[in-house]
Amino acid sequence: MKKLESREDIEYLVNQFYAKVVKDETIGFFFNDIAKVDWDQHLPKMYSFWESVLFGQMTYKGNPMGVHFPINEKQAMEQKHFDRWLELWRTTIEEHFVGENADMAIYKSENIAKLMAFKMELARRL
């Protein structure tokens, strides 16, 4: 187990996480069938997103909420989906990393998931 402390660590974490996501019965279809994710485009964005969130590098340029609203219109992104995303994320971190940044990655993901779940539900009501 090592500390989560570099861009390379984030890339490894994100790659391990999405390897689980694409095979997952609860949320994989969002990526494979609904969004039809181009992984060559998506993964570098996620590296930058988490580098910005954890290390304050501000390498991420984008609007995470804006990207998810069109998906939510096609297929409801519900609390159970965010719960599963969190479970996979937390498990992946705990399998590979320890320390303050690993704990922070879990904490920040919980806040992100709460906000996104709330906004996706709100959008479906409007």
Side-chain angles (χ1 to χ4, degrees):
M1 300 286 277
K2 70 179 298 288
K3 290 185 176 181
L4 179 60
E5 54 193 2
S6 68
R7 167 83 179 208
E8 291 76 23
D9 292 339
I10 289 173
E11 290 179 11
Y12 181 79
L13 169 62
V14 167
N15 289 341
Q16 295 299 308
F17 169 69
Y18 280 108
K20 292 177 184 180
V21 166
V22 297
K23 298 178 203 167
D24 189 77
E25 293 181 12
T26 304
I27 61 172
F29 74 96
F30 280 108
F31 297 85
N32 300 321
D33 303 324
I34 307 294
K36 296 183 171 125
V37 170
D38 176 344
W39 294 104
D40 291 333
Q41 296 287 321
H42 186 68
L43 290 174
K45 287 180 186 176
M46 294 299 92
Y47 306 152
S48 293
F49 175 80
W50 285 106
E51 184 179 37
S52 296
V53 167
L54 294 176
F55 304 143
Q57 292 298 315
M58 306 314 290
T59 55
Y60 177 73
K61 307 285 187 247
N63 178 353
M65 288 296 169
V67 172
H68 289 82
F69 285 125
I71 297 166
N72 189 50
E73 288 177 13
K74 293 178 184 176
Q75 175 68 47
M77 298 175 80
E78 299 174 340
Q79 186 64 52
K80 66 182 178 183
H81 301 121
F82 290 100
D83 290 344
R84 181 62 178 156
W85 179 85
L86 276 173
E87 181 182 353
L88 292 173
W89 180 251
R90 186 179 310 111
T91 301
T92 305
I93 292 170
E94 291 172 349
E95 287 171 352
H96 301 283
F97 296 99
V98 294
E100 185 177 330
N101 286 332
D103 294 341
M104 185 60 68
I106 292 170
Y107 174 75
K108 296 265 187 168
S109 68
E110 290 168 348
N111 290 329
I112 291 165
K114 284 178 192 172
L115 180 61
M116 290 194 85
F118 172 75
K119 288 196 172 195
M120 294 304 123
E121 182 180 340
L122 186 62
R124 288 192 306 274
R125 291 182 184 180
L126 299 177

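In this chain, residues are counted from 1 in sequence order.
Ion pairing between a basic and an acidic side chain is recognised when a charged N comes within 4.0 Å of a carboxylate O; Glu87 and Arg90 show no such pairing. Residues Lys114 and Glu110 are not paired through a salt bridge, judged by the lack of any N-O separation under 4.0 Å between the basic side chain and the carboxylate. In this structure, Arg124 does not pair ionically with Glu78, as no charged nitrogen and carboxylate oxygen lie closer than 4.0 Å.
Under the 3.5 Å distance criterion, the side-chain polar atoms of Lys61 are matched with a main-chain donor or acceptor of Met58. Using modelled atom types, no side-chain atom of Asp24 and backbone atom of Lys20 make a donor-acceptor pair closer than 3.5 Å. Remark: the backbone N or O of Ile106 is paired with a side-chain donor or acceptor of Ser109 at under 3.5 angstrom. At least one donor-acceptor pair under 3.5 Å links the side chain of Asn32 to the backbone N or O of Val22. Judged purely by atom type and a 3.5 angstrom limit, Ser52 uses its side chain to pair as donor or acceptor with the backbone of Tyr60. In this structure a side-chain-to-backbone donor-acceptor pair under 3.5 Å is missing from Asn101 to Glu5.
Atom OH of residue Tyr12 and atom CZ of residue Phe17 lie 15.0 Å apart, to the nearest 0.5 angstrom. In this structure, Met116 CE and Phe69 CZ are separated by 7.5 Å, a value rounded to the nearest 0.5 Å.
For His68, there are no ring-ring contact (aromatic ring centres under 6.0 Å, His included) partners, not counting sequence neighbours. For Phe29, there are no ring-ring contact (aromatic ring centres under 6.0 Å, His included) partners, not counting sequence neighbours.
The minimum heavy-atom distance linking Leu4 with Ile10 is given by the pair CD1-N, 4.0 Å.
The aromatic rings of His42 and Trp39 sit perpendicular to each other, their planes meeting at more than 60°, with 30° as the lower class boundary.
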